[in-house]
Amino acid sequence: MVQFINMLLIGIGAGSIYALMAIAMVLVWRSTRVINFAQAGMALLSTYIGFELVQKTGNFWIALPLAMILGALFSALVEILLIRTLIKHSTSGPVAGIVPIIATLGLLGFIRAMIGFIWGNQDIQIQPPLSKVGFKFGEETISLSPMNLLVLLSVLAMVLVLGFIFQKTSLGLSLRASAYSPEIAQLAGIRVGAIRTIGWAIAGAAGAAAGLLQTVNGTGAVSPDSLEFSLLLTFGFIAAVIGGLESLPGAVLGAVVLGLVLAAVQIYISGTLVFIVAFALLLLVLLVRPQGFIGTKAGRRA
Amino acid sequence: MSLVVQNLTVDHGAIRAINGVSFTVETGKLSAVIGANGAGKSTLLRTLSGLNKATEGSAQWGEHNLLSGKPESHVRSGVSHVSEGKSVVAELTVEENLDLGALWRRNKKEATETKQQVIELFPRLGERLGQRADTLSGGERQMLAIGRALMSKPNLLLLDEPSLGLAPLVIEQIFQTIRGIVDSMNLTVVLVEQNAMGALKIADTAVVLNLGHVATSGSAADLIADPAVRAAYLGY
Amino acid sequence: MSTNTPLLHAQGVSVSFGGLRALHDVHLQLNKNEVVGVIGPNGAGKTTLFNAICGLVTPDAGSFSFEGKERSWPRTDQLADLGIARTLQGVGLFPDLTVLENVMIGAQKFAKTGLISASFGRNTKDEAELAERSMTALERVYAGALANRRANTLSYPDTKRVAIARALVSEPKVLMLDEPAGGLGPQDIEWMNGLIRNLTAQMSVLIVEHHMDVVMSVCDRLYVLNFGEVISSGSSDVVRRDPAVIAAYLGTGA
Amino acid sequence: MLKKHPLIGFTLFGILLFLLSNRVDELRVFQGATVAIYVIAIASIILLTGYSGQVSLGHGALLAIGGYAAALARNHWGAPVWLTFVIAVLAAALGGYLLGLAAARLSGPYLAGTTLALAIGLPSIANQFPIFGGEQGLLYDIGMPPASLGEDFTQYKWYFWIASLAALLAIYWLRNVMASRYGRNWKAVRGNDVAAELAGINVGRNKVLAFTVSAGLAGLAGALLAMTISTVSPGAFPLALSFSLATGAVLSGVTTLGGVMIGAVTLVAIPEIVDTVVSRFESSDAVANNLPGLLVSTLLILTVLFVPNGPVEQLRARREHRVNK
Amino acid sequence: AQAASDPGVTSTSIKLGITVPMTGIASPGYNKIPGAMKAYFDYVNANGGVNGRKITLVIKDDQYIPTTAVAKANELILKDKVFALVGTLGTASTKAISASTQLAKRGIPSLFVNTGFSGFADAKAYPTTFSILPSYQMEAKIMGKFLKDKYADKKLALIYQDDDFGRDALAGFKQAGITFTTAIPYASGSQSLPATGAGWISKLKAAGTDVTVLFGVSSASTAALANAYAAGYKTQWVLGSVGGDATTIAATNKAYVPLLYGAKGFSFAPAPTDATDEYIKLFQSIYASAQPTQTFDNNVVAGMSNAFLAVQALQATGSNLTRAGLIKTIETKGATFASPFLTPLGYSASSHVGATGYWIGTYDPTGALKPDGGKYTVYTTDSGNGPVVESSYKRPAMPAKGLPN
Ligand SMILES: Nc1ncnc2c1ncn2[C@@H]1O[C@H](COP(=O)(O)OP(=O)(O)OP(=O)(O)O)[C@@H](O)[C@H]1O
Ligand SMILES: Nc1ncnc2c1ncn2[C@@H]1O[C@H](COP(=O)(O)OP(=O)(O)OP(=O)(O)O)[C@@H](O)[C@H]1O
Ligand SMILES: [Mg+2]
Ligand SMILES: [Mg+2]
């Protein structure tokens, strides 16, 4: 029983980490129809910036929002310098499916190399702002620490706030309209360029939070080649796809399901199977619902 | 305020779509632009709304230079464009598409009022507010596109083939409505139509485009009477 | 001109989307060498009726028979073999194929060579035959000169011609046209009228159109839909005087 | 004439290649073999993405299937070399067929995600069953070149001949398929699936076929890749391979086979060129380690920004433009 | 020195080449190895070189991908024309390079490959390749004996990487007759997923084990230790040499170092923290001047030891340096080479095994591995069925200034 509860907590905890990245990817997808594989790189960069800020200020709580702001700025810059031109040339035809992916992969490589230039390829460390020792119930220490709780609450807060923005505010409507059909959005008086930049900026901020939180929640160490970030990227993307890409709650749902299934497999079956199960889960979900948990199907065909 | 287009020339790469076009539309007037397929009608409207870049010439809407600036800033100065081919955002609901047109408007109460007016104009849209636009029928989408443009409370409305795909009764209604808005709200309209007869009947003035040139222009009534125009564009 | 052999017969068709009743108990019959029009207000269900026949929506109720045999609703990709061809309301050419290739896609069902022979370049004869059929179809709509243009560089009327050629090339028994005249100028509409009338020698035509000139001049019979139900049917002359049709659809001006 | 009789062109090009292989040094010969393999792999992505409009981020997994199938066939049944290649093609095609069944229902990023997950999941399957030889993999030895080719005929030249011949055949074959109604149908489905279906094309089957054919080619490339490193192991087919193949396809231009060499040569040449440039400078570790990555990714970004359709398509478009003028 | 006929050697120079992951997910840690080797070669060069020849080391990044490794090895052999490969890393890459470039057929020495796969010690299968590390199986056998001696009546658990690395160890444990009440395999790479470590601890807790053996990479050790700490779980840790690198764990997060306190560790080289060891002292000073910003850790010791042995082998071959001569020299004299390792070297004409044993220690509160009993006691064995024996090997004194003669 205790093990089962722990399994749930571990799964949800892991899911919340995937959710951080999935949210950022969904944000970019929803505001520009690009799958941003550089998201992990941008999160990594923000984490390094956060590291510098923690060094300078000595306080994680100051560093986090500052890193988010800088992450947003960087992300906005990427949108202005790269994505705009990219989209102009490759919105239609066969290249539309693959070129943005390759471009963001290129950007990922670029960011990694830049980080290596500046900070070297060795690990840097950030100390966690909260205890990572699990809460105690009597004798039992459960698999939920204040640090885990912070991550969970951040995910919750992000989904609520961003979900509200997307679904209920005019900014959200502008973001969606600009993504789906820029020309019509323009004709409706929306400053499409600026709106997309804002979309990327929000994703950049979310990505920065993802990077920093996952780092301090994990080992506390990062390097440009850190496996954690590669996994965060791929599992975050898988979670977003399972969730349906169109919806933030979907992304979180996808992430939590992924986290829970993997935790259950690791604890009750075998840790050997995680990667296979991740694939199997994705396949299974998409076979039943090709548009993910909360994705929407295209309207009518003719 | 009036719309003054002078010597406008627009190229699509190597193709010259509009060649030295000049015409004027006075405030509160409805001007029809007719011509065969490929005459350059859509290009003309797209240039006026900032979607296409002009090669030469000028286009003024009162003080506002229509040839500079982005489409979104034109909208904010009161120029609304319903582009050709059911320009709605397929993934959004009907209501969201309508709201989209008024997003930039500060006065939300007025925007809500406009929405009511649009829904009165197209009751079908009212029944479908929560439905995704890509599930609408062809004609319903056309209504939505016009509705969205009206949501911006334009004073210059550029309509590209609004009758396309609409039922005869609705076309009749829409033409009457457009005439009605022009008269009651002092709206200025440039109406591009394949349905030349219908358009000329409600228009004050008209421009006939042929291969990017102005073939003739003048008052709508004169053009209806012109046997050459009748033969070429009105089909009898 | 029309004999009374029912070629295509849809009975009691009902379709609903969520709570919305798009079609309700619709009957439609198309005889050999007949041109039948489906008209009605926007959103009345005309395209949906086409879609049901074409396997693009699944009817909740209703039966379908073709050439006198009752059968299940056809799957979309079976239509060509069955002898039904359709154009789409929004043209729907393949943008980065040439015009000829576009039409050759429509000629699909005449292709004989399989993947293996194709891999060894043993399909030249087959391809030549498809190309020939396609050229014939293009010439029939006076678009032979466009054969080597990319579809996305065509003018609007030309895309309509090519779309029709693509449907004709499969030598269908039933040709379904969804708003063929939409967006065309008077000359092109006139031409379209003539074409459709000529086609009836070889096939039956089912047509959805808002352009009354076209409808009245080419259709032998009409069905009028409103809110998913047939509110009137019969010969053009009867229907155009039906007060229900005037009120719901035609208005007084037409 | 070459346009009309492609076989002549291919034969001439092949003879040229074989002559060339006698002129250049052993390293170039080896790299030539790698280029030939990439040509096949990239062509298989072009077919899948550029023609049928499906994105695969996990093509490395399909190469792996081919590589392992060839090695197993050789090691366990002692299959002759040519047969191991055939088996590689069939095994990967089967894998592609199964993947295609799922893929046919998916679009865009959903498909990208699925193939990506496959590329991550597959290596651990190799680790699960002893028959695959675990992390260190299996030997795949195609043996020495036939003695009749002479004493001086090196192993790498043998690899090069085999890989080039395979690439020539594969491209010739693919060119025929793409020029046939199958290629046309793929493009049609990508352009407008409803219209394609109305024309009698079964969209699902059409997509599965594309996946199967593409996977078969990938399997061939996988077996050849295994040949050049004489082994197969999970590490030889990492996610990075899948990504770089997709990159190669974009560099080549995904809409046409015409540029396929460009991507393949770039993938092989760039790392070495960058390496050489970097080693010219006495640079710090941080620079030396990261400069190659920096240069390659910058090149990539510039390419997708300015030649997103690939050089060949770019030239075609420009020519068309000039003609129109 | 006289001119030699083999590539890569002139009267004044010797060119060696290494392929190693400098970037990519396997690079952290390993990417320090070539720098350490180079630092030692430069030191030797500054002191006159090897028989008057200066050593240059060409470094190629293989990203831990076998195909890339082969391509890079080919560049080394065919373009840079190195005399020998040295320090190749990773079993799959080493195998691929060996087979594809036909090292044996061409007689190209591959010195001291950095992998614990026992196969490379087989002189018949790999006549020009020499191992340096003891095999994983040896380690497990020695560990097994230790567990039997020390924790006979305890409940034992094992966390292991489910690939050749961990499975070789399983074989060794089996030979040693050890049974684990709980065995937790993990897929290579999955240790860096957020839930993995927590899952292990949850399982260990439920099983209630006393001693936990960890046979994985150091990021797995970190995950295990950190999550044990988070879950308030206490166990006696026994860490394998690969995952027991305290400096790597500390580099990950200093907070974890205290968690190592009391854990058991295995090594064949002196601990990088053991400043009393003459080799370590020398290596530290060389490294400090070559790479002042980097921490001195197990990877550095590994790289320098590798370079030291390479220099020793080249030196011993004499001034008529040929590939065949070098291989012959290692086979005949290798067992008597000076080396920083605390275990005997097993080189002979029939076996190319390097270090053959381990010493056992306990981590102190600073994360330094201290030999149990205050002095290095070494156990040796083989990769087959041979017994585990306490070795009487005494490491020869370091040659003057750390320059082999
Ligand atoms: N994006 C474009 N690229 C190249 N040529 C174009 C483009 N858009 C329009 N054209 C060409 O410009 C000319 C004018 O086209 P336009 O769409 O303005 O005509 P139109 O009068 O609106 O026709 P229709 O009645 O069919 O809508 C045509 O020759 C057309 O082919
Ligand atoms: N997939 C769908 N989901 C929800 N509603 C739908 C869907 N498809 C069609 N509808 C609705 O069904 C009704 C009938 O649509 P249909 O397209 O058949 O109309 P139509 O008669 O062709 O109209 P038009 O002349 O405007 O093209 C419309 O009100 C439309 O909104
Ligand atoms: Mg137009
Ligand atoms: Mg319709």
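Every chain is numbered from 1 and lettered A, B, ... according to where its sequence line falls, protein lines coming before strand lines.
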- Query: Taking every heavy-atom pair that is under 4.5 Å apart, which of Ala240(A), Pro224(A), Gly244(A) has the most such pairs with chain D?
  - Reply: Gly244(A)
- Item | Which portion of Leu305(D) sits near chain A, non-hydrogen atoms under 4.5 angstrom | both
- Task: Below 4.5 Å from any heavy atom of chain A, which atoms of Arg105(D) appear? Answer side chain, backbone, both or neither.
- Result: both
- Would you mind reporting whether Phe117(A) and Leu294(D) have side-chain heavy atoms less than 4.5 Å apart? yes
- Task: Check the pair Val95(A), Glu313(D) against side-chain contact (heavy atoms from CB on, under 4.5 Å), reporting the backbone distance first and the verdict last.
- Result: CA-CA 11 Å; Val95(A) 293; Glu313(D) 180 65 21; over 6 Å; no
- Of the backbone (N, CA, C, O) and the side chain (C-beta and beyond), which part of Leu273(A) lies under 4.5 Å from a heavy atom of chain D, both, or neither? side chain
- Message: Using heavy-atom distances under 4.5 Å, tell me whether Leu111(D) contacts chain A through its side chain, its backbone, both, or neither.
- Response: neither
- Checking Ile101(A) against chain D: side chain, backbone, both or neither under 4.5 Å from a heavy atom? side chain
- Side chain, backbone, both or neither: which part of Asn127(D) has a non-hydrogen atom closer than 4.5 Å to chain A? neither
- Between Ile276(A) and Ser124(D) the two heavy atoms that sit nearest each other are CG1-OG, 3.4 Å
- Leading residue by heavy atom contact count with chain A [cutoff under 4.5 Å; candidates Pro292(D), Ala117(D), Gly293(D)]: Ala117(D)
- Message: At a heavy-atom distance under 4.5 Å, which candidate from Thr104(A), Ile102(A), Thr234(A), Leu283(A) has the highest pair count against chain D?
- Response: Ile102(A)
- Message: What I'd like to find out is whether the side chain of Leu122(D) reaches to under 4.5 Å of the side chain of Phe279(A), using heavy atoms alone.
- Response: no
- Heaviest contributor of heavy-atom pairs below 4.5 Å to chain D, chosen from Pro290(A), Gly120(A), Gly109(A), Ala278(A), is Pro290(A)
- Bottom line for Leu291(D): the part with an atom under 4.5 Å from chain A's heavy atoms is both
- Task: Measure the spacing between CZ of Phe243(D) and CG of Leu105(A) and express it to the nearest 0.5 Å.
- Result: 5.0 Å
- Item | chain A interface, residue from Val254(D), Thr247(D), Leu118(D) that has the most non-hydrogen pairs under 4.5 Å | Leu118(D)
- Which region of Leu282(A), side chain (C-beta onward) or backbone (N, CA, C, O), has a non-hydrogen atom less than 4.5 Å from a non-hydrogen atom of chain D, or is it both or neither? side chain
- Task: Begin from the C-alpha positions of Leu300(D) and Phe110(A) and carry the test side-chain contact (heavy atoms from CB on, under 4.5 Å) through to its verdict.
- Result: CA-CA 10 Å; Leu300(D) 188 58; Phe110(A) 182 84; over 6 Å; no
- For chain A, which residues from residues 43-56 of chain D lie under 4.5 Å away (heavy-atom distances)? Thr49(D), Gly50(D), Val55(D)
- Query: Out of curiosity, Ile120(D) CD1 to Phe237(A) CZ, how far, rounded to the nearest 0.5 Å?
  - Reply: 10.0 Å
- Message: Looking only at heavy atoms and a cut-off of under 4.5 Å, which of Ile115(A), Val274(A), Ile98(A) has the most pairs with chain D?
- Response: Ile98(A)
- Side chain, backbone, both or neither: which part of Ala112(D) has an atom under 4.5 Å from a heavy atom of chain A? both
- Do you know which of Asn289(D), Thr298(D), Asp193(D) has the most heavy-atom pairs under 4.5 Å to chain A? Asp193(D)
- Item | Side chain / backbone / both / neither for Val194(D) at chain A, heavy atoms under 4.5 Å | both
- Item | Ile238(A) versus chain D, the contacting section by heavy-atom distance below 4.5 Å | side chain
- Distance from Leu86(A) atom CG to Phe306(D) atom CZ, nearest 0.5 Å? 10.5 Å
- Positions in residues 19-40 of chain A that reach chain D, provided some heavy atom is under 4.5 Å away: Trp29(A), Ile35(A), Phe37(A)
